[in-house]
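Heads up, the thing below is written out as structure tokens.
The model shown is predicted, which means the values in this text are computed figures rather than measured ones.
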2 protein chains.
Amino acid sequence: MIVPTKQKILDAAERLIAEQGYAATSLRQIIAGAGVNLAAVHYHFGSKDELLSSVIERKVGPVNEKRLALLTEYEAEAKGAPVPVEKIFDAFLTPMGKVAGTHPQFVRVMGRVVAEGMLRTVLEKNFPEVQARFFGALRRSAPKMSDEEFEARIQFMIGVVSHTMTMCGPASEGGFEARVERMIRFLSGGFLTPEGGRK
Amino acid sequence: MIVPTKQKILDAAERLIAEQGYAATSLRQIIAGAGVNLAAVHYHFGSKDELLSSVIERKVGPVNEKRLALLTEYEAEAKGAPVPVEKIFDAFLTPMGKVAGTHPQFVRVMGRVVAEGMLRTVLEKNFPEVQARFFGALRRSAPKMSDEEFEARIQFMIGVVSHTMTMCGPASEGGFEARVERMIRFLSGGFLTPEGGRK
DNA sequence: GTCTATACTGAGATAGAC
DNA sequence: GTCTATCTCAGTATAGAC
């Protein structure tokens with residue numbers, strides 16, 4: 001079974017970036033792992049940044065489709081009422097958890113990318129519809145929350161998910177998948193906490 | 001007023017790392033900003049990593065002392081009972097919020113460091129007592145929570161705080177300080193959510 | 001179209017002169 | 001304590017073999 005150069009590069013990049021982070025992984029490590037020439041990376045991908053984009057795009061597409069399908073299903077169940085926040089988080093996190101079961105390295109790559117400050121780029125490139133649909137659903141579930149509080153809580157929740165994606169170990173130790181249910185509860189509890197002053 | 005070379009390097013490093021992140025900031029940018037020679041960095045600090053440590057240690061010490069003092073005060077108020085979690089988060093976050101008001105760049109450096117995967121190093125070097133005291137106080141406030149759930153929620157909360165430290169803009173736009181009260185509520189709500197299965 | 005060999009610029013680090 | 005020169009390795013770019 002012959003593996004095309006392009007795929008060998010993507011596989012090696014995904015594995016090494018998951019283990020070491022993006023900045024800490026050199027192209028020379030990647031080509032050594034893939035058994036190809038340095039220039040092949042630039043021929044197929046153009047740059048290190050675009051190689052990272054390709055690693056993400058290869059697997060994030062199906063995850064996002066599944067997320068949107070689940071959210072659509074839950075919205076239909078709600079019959080016009082706001083979708084319960086637990087369901088919204090479930091629709092967002094479960095598809096990534098499923099992928100984590102079979103491709104734990106990919107999930108860590110996603111976490112690394114967010115943690116290393118490339119959140120905005122990735123979000124705008126691969127998540128525009130997911131972002132709009134999920135933020136909108138959450139907003140409808142908390143109509144009385146102020147805009148400032150809503151925006152702050154969105155950022156808090158991004159922090160929870162990205163940190164968990166980065167820090168979760170291999171599937172054998174539970175990994176991201178084992179944390180999905182706990183995250184759904186934690187995020188729901190935090191998001192639904194009444195706004196306002198403390199004693 | 002003459003400023004010693006060492007301090008000029010620290011100031012320039014803090015400013016540039018806050019703006020660009022640690023990995024993205026080169027020593028050559030730092031020495032240009034400080035107006036010193038490249039070798040001066042290695043003479044005074046040994047390496048880029050140790051320069052970062054020095055940037056952190058310069059300001060994190062007083063913050064951690066204030067944190068511990070506040071926690072001690074709240075524990076005395078509680079007279080042996082578990083400290084309310086809002087108080088625990090208040091003791092941890094308020095001192096950093098105060099620093100954010102006067103030194104917003106330092107707070108962003110802290111966030112960057114966590115976000116770029118150096119959490120463990122920084123935690124073990126500068127936070128051992130803070131970590132032990134605060135995790136212990138939280139544990140006593142939720143005695144019935146399972147160890148697995150407690151550990152997961154600690155990670156979730158670290159994600160919230162580190163992401164907020166990194167992403168919060170300059171003090172003029174509110175910054176970290178403006179998010180402290182919101183964070184306390186969000187973290188309390190998430191941490192106190194009952195453990196267990198969903199419907 | 002695909003890939004190899006090689007060169008270019010800028011990074012962190014170090015030795016040794018002063 | 002400070003600075004010059006230099007080392008290695010990073011990402012990138014290009015010329016040309018097949």
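Rounded to an integer number of Å, the gap from A:L51 CG to D:dT12 C1' is 14 Å. Nucleotide D:dC9 holds its C1' atom 15 Å from the CD1 atom of A:I30, rounded to whole Å. When the P atom of D:dC9 is taken as reference, atom NZ of A:K48 falls 17 Å away, rounded to whole Å. B:D49 places its CG atom 17 Å from the P atom of C:dA11, with the value rounded to the nearest Å. C:dG12 atom C1' lies 6 Å from atom CG of B:L27, rounded to whole Å. When rounded to the nearest whole Å, the span between CD of B:Q20 and P of C:dA11 equals 11 Å.
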* Determine, stepwise, if the pair A:E75 / A:R140 fulfils salt bridge (Lys or Arg N to Asp or Glu O under 4.0 Å). => CA-CA 11 Å; A:E75 283 174 339; A:R140 280 188 293 279; 3.7 Å; yes
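Residue A:E129 qualifies as open at atom CD: its count of foreign heavy atoms under 6.0 Å is 12 or below. Environment of NZ in A:K8: crowded, with over 12 heavy atoms of neighbouring residues, nucleotides or ligands closer than 6.0 Å.
Two residues are said to be in side-chain contact when any heavy atoms from C-beta on lie closer than 4.5 Å; A:E86 and A:R185 fail this criterion.
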* Summarise protein proximity over nucleotides 1-8 of chain D in one line of letters, 5' to 3': B for base, S for sugar-phosphate only, - for none, counting protein heavy atoms closer than 4.0 Å. => BBBB----
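Taking CD from B:Q20 and CZ from B:R112, the interatomic distance works out to 8.5 Å, rounded to the nearest 0.5 Å.
At the phosphate of C:dA13, OP1 or OP2 sits under 4.0 Å from a side-chain N or O atom of B:H42.
Relative to the six-membered ring of A:F150, A:R139 meets both conditions, a distance below 6.0 Å and an angle of at most 45° to the axis.
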